[in-house]
There are 2 protein chains.
Amino acid sequence: MQMDERKRKILRAIVQDYIATAEPIGSRTIARKFDLGVSSATIRNEMADLEELGFIEQPYTSAGRIPSDAGYRYFVDCLMDPQELNAEEMEIIERESSKRINELQEVIAHTGKLLSELTNLTSLVLGPHKGKSTFGKMHFLPYQPGQVIMVIVKENGAVENHILDVGENLSAEELQHVAEVFNQKMRGYSISQVKRSMLHEIYSELSRQRLLIDNAMDMLRAILDGKEEDERIHLGGTLNMLNQPEFKDLAKVKTLFKVFEDNEPLKKLLTPRQEGLNVTIGGENTLKEFRDCSLISATYKVNGLTIGAVGVLGPTRMDYAKVIAIVDFMTRSMTEILTRHRR
Amino acid sequence: MQMDERKRKILRAIVQDYIATAEPIGSRTIARKFDLGVSSATIRNEMADLEELGFIEQPYTSAGRIPSDAGYRYFVDCLMDPQELNAEEMEIIERESSKRINELQEVIAHTGKLLSELTNLTSLVLGPHKGKSTFGKMHFLPYQPGQVIMVIVKENGAVENHILDVGENLSAEELQHVAEVFNQKMRGYSISQVKRSMLHEIYSELSRQRLLIDNAMDMLRAILDGKEEDERIHLGGTLNMLNQPEFKDLAKVKTLFKVFEDNEPLKKLLTPRQEGLNVTIGGENTLKEFRDCSLISATYKVNGLTIGAVGVLGPTRMDYAKVIAIVDFMTRSMTEILTRHRR
DNA sequence: TGTTAGCACTCTACCTCGATGAGTGCTAAC
DNA sequence: GTTAGCACTCATCGAGGTAGAGTGCTAACA
């Protein structure tokens, strides 16, 4: 059996109607709502074929049909009209994007919020992976008596500061000297590459400031090698899930939200298998808790480098055309903002 | 009519049983479960009195009784046995607290997590209010060509860094000079106190670095006068609410979670009317969405100064004795950690 | 006067049962 | 190949009926 034009039309009608109403749809209703020029009986026959092909299924005998995962997949790949964002959505995004936003963190938070508002679904944003980064430069600044501010510039340009105990009071010159030695020895190395010999060299050059050096090394280890706290998933609009009729069951909500609480699986989910847009439908999902959900995700870049991803999670029954358009537009716009801003 | 010892015993029994089971309790059950030495009929009479006094109520005719808000209040104020934490809980807190935690933010996040885990309820933690802070000191450090790192030390000791455009390349000496002028003129002033005349002075002393100065002032304004983003409510264990039988209704969950999404009301709720421990029961709550909830909150201090608060939110039917013990212990422990660590 | 046993009554939760209606598959006619 | 008709299926919904827990009241008892 093959898909022909009429089957395609009927499948499209089923998917579109089910997306809109969340109710199983029967042959008679299709015949009434969509003007296909054939009777319900004919549609009935075609629907039997579509079921055999695996594109639609019955929740129970003598209920209407609903699209299967394969049906949605076929719809997304072959039937869907690519959608433009409407004027209002465009305007919202334009307006929001024109706000002055300084930090990457803010861009991320902002994007998530916007995404969930526009789609009425849950948004996921994966920040840039700090990962194991390498040492760029360090400065020491005076702070309280017995403490200094250590400013670390990583080689990727990120800047962090931390407060260190130094025991005794060190002069500005001494501090600068220590920083210079660090900078000379360590530039471009990740913390795991710092050999014992390197440390010995630093120690021997700086005999006096041992406590400062030890504390600084501890901190560097923590910063460069530590948990990648920035690479957290930012969730937005998780509540929107509650508005979906498929989650009127509390048990389902609970299992879903439980997954939301744990970042690791979400991180994995969003870490893109490939650049650009990805659509994962229902059971295609690796997380069994999401087997009733679909994920539309896309990567964003800074300076041509893919550094993170955003996604929208919703029930399998979602408005794919619209969500895909929004996610696509948002990642493009993010890439543009980040590239413009950070040169 | 007056409360006598027997009425108190019966009320305590009702509250304790309802806290444990979430089911209305009848006279016969009380007589069976609690050995009060009187028959169910007597208890029945006493319960009628307790109802008249407003301490208990019937959900519907010929159901058992449940405590009213006033009943819980009486229980908390007069009937409850103050509870010690058990060994296991003590150990958990000890163990968790001994972990090396550097930043205030981490302490806050950590506390929230622990609180919600120990109570199986939702935890709220209010961080320190940054508020409008005053200028302490500033440094400039070289960064990329045409950009510098501005490090701000506020007078309360908080350190932040930001990246500024400076247009042209400025030498280290120039940067230092600019910073010195700022430091001299502005130390101890809040941004709103920076008068036009002060700015003129700075300008006249530093004729060349106008762009840097403008950008720095913009940034200072944003940092010192800006939104108090740190004073965010940190929520933990919101999911725990779903396990409470009183929230098996999805509509209730939705309104509750909607409040969780908005920080402002929560902030107000937690901003303490008085130092130390606070118990707000059911309808005593100002937020109508929380009229079925109780909040146990307490303040914590750094160096004798109250800087924030933590709270536990649960259904009105909660284990007050235990939750109060936990919240009390946690804020004490927090105060100790913060004071120890920050000297 | 306080306590208790007994009893009629009330009300919810739960179950069953039948009606309803949407939808299907099959068959036969067009 | 298409359509009309028909018997059949199954979820949903409301009605009715029952069980059980609990109450208030009354009368007897110490």
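Proteins get letters first, then strands, A, B, ... in listed order; numbering begins at 1 in each.
- Counting to the nearest Å, the C1' atom of D:dT23 and the CD1 atom of B:I43 are 14 Å from each other.
- Distance CG (A:D49) to C1' (C:dT24): 14 Å, rounded to an integer number of Å.
- For B:S62, taking side-chain heavy atoms from C-beta onward, the closest of the listed nucleotides D:dT3, D:dC10, C:dT10 is C:dT10.
- Within the 4.0 Å cut-off from OP1 or OP2 of D:dA21, not a single side-chain nitrogen or oxygen of B:T29 is found.
- Distance CG (A:N45) to C1' (C:dG25): 9 Å, rounded to an integer number of Å.
- The pair A:R8-A:E5 counts as a salt bridge, with a side-chain nitrogen and a carboxylate oxygen less than 4.0 angstrom apart.
- The side chain of B:T42 places an N or O atom within less than 4.0 Å of a non-bridging phosphate oxygen (OP1 or OP2) of C:dT4.
- At least one donor-acceptor pair under 3.5 Å links the side chain of B:N240 to the backbone N or O of B:S116.
- Mapping B:T61 and B:V38 onto DNA chain C by nearest heavy atom places B:V38 closer to the 5' end of the strand.
- Among the protein residues, B:A41 comes within range of the nucleic acid bases, having at least one heavy atom under 4.0 Å from a base atom.
- Under 3.5 Å, the side chains of A:R44 and A:S27 contain a donor-acceptor pair of N or O atoms.
- Atom CZ of B:R44 and atom C1' of D:dT26 are 12 Å apart (whole Å).
- Put simply, CD on A:E5 is 18 Å from P on D:dG1, counting in whole angstrom units.
- Base-pair partner of C:dA28: D:dT3 (Watson-Crick or G-U wobble, both distances under 3.5 Å).
- Rounded to an integer number of Å, the gap from CD1 of B:I10 to C1' of C:dT3 is 12 Å.
- B:S40 comes within contact range of no nucleotide atom at all, as no heavy-atom separation falls under 4.0 Å.
- Distance B:Q58 CD to C:dT12 P: 11 Å, rounded to the nearest Å.
- For the pairing with B:F55, the side chain to side chain contact (heavy atoms under 4.5 Å, CB included) check across B:I14, B:L11, B:V15 returns one residue only, B:L11.
- At a threshold of 4.0 angstrom between heavy atoms, the contacts of A:R65 are confined to the sugar-phosphate backbone, with no base atom among them.
- Looking at the side chain of A:S39, the nearest of the listed nucleotides C:dT10, D:dT3, D:dT2 is D:dT3.
- Across all strands shown, C:dC15 is found opposite D:dG16 as a Watson-Crick or G-U wobble partner, with both distances under 3.5 Å.
- With B:R65 contributing its side chain and B:Q58 its backbone, the two residues share no donor-acceptor pair below 3.5 Å.
- Put simply, CG on B:L36 is 12 Å from P on C:dT3, counting in whole angstrom units.
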